[in-house]
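Encoded as structure tokens, the structure appears first; notes follow it.
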Amino acid sequence: MSNDYLELTYQSIQCFANDGKLLVDELEELLTIALRDGVVDDDEKRVLTNIFSKLNAEELTNAMQDKISTIKKQYF
């Protein structure tokens, strides 16, 4: 069992703590962590869903919405 979701959680906290926002490139880095073992498991999906739910209107740019949509289609 992978513990990548723990690193994913930690890194997401760092992203938000950095400037209070999550950028598309930061989301890409988080996805890279989730995919390290080749699959997005249930724990990683839970963490990503939690991250998505914390995004505010300012962060939900067209690029961010497109990235989230792509992630959900491919991995959820």
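Position 1 is the first residue of the sequence; numbering continues from there.
- There is no path of hydrophobic side-chain contacts, each under 4.5 Å, that joins V39 to F76.
- You'll find the side chain of L31 reaches within 4.5 Å of the side chain of L35, heavy atoms only.
- L23 and L30 fall into different hydrophobic clusters, where Ile, Leu, Val, Met, Phe, Trp and Tyr are joined by side-chain heavy atoms under 4.5 Å apart, directly or via other members.
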Kindly list each side-chain donor-acceptor pair under 3.5 angstrom involving residues 9-17, sequence neighbours excluded, with atom names and distances?
residue: T9; atom: OG1; partner: Y5; partner atom: O; Å: 2.8
residue: Y10; atom: OH; partner: Q14; partner atom: NE2; Å: 3.2
residue: S12; atom: OG; partner: L8; partner atom: O; Å: 3.4
residue: S12; atom: OG; partner: T9; partner atom: O; Å: 2.7

Can you give each donor-acceptor pair under 3.5 Å made by side-chain atoms of residues 63-75, sequence neighbours left out, with the distance rounded to 0.1 Å?
residue: Q65; atom: NE2; partner: L60; partner atom: O; Å: 3.0
residue: K67; atom: NZ; partner: E28; partner atom: OE1; Å: 2.4
residue: T70; atom: OG1; partner: D66; partner atom: O; Å: 2.9

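- Residue pairs meeting the salt bridge (Lys or Arg N to Asp or Glu O under 4.0 Å) criterion with at least one member in residues 14-26, sequence neighbours excluded: K21-E58.
- Applying the salt bridge (Lys or Arg N to Asp or Glu O under 4.0 Å) rule to E59 yields no partners; only residues at least two apart in sequence or on another chain are considered.
- Residues passing the salt bridge (Lys or Arg N to Asp or Glu O under 4.0 Å) test with R36, sequence neighbours excluded: D4, E7.
- Residues E44 and D41 meet the side-chain proximity criterion, which asks for heavy atoms closer than 4.5 Å.
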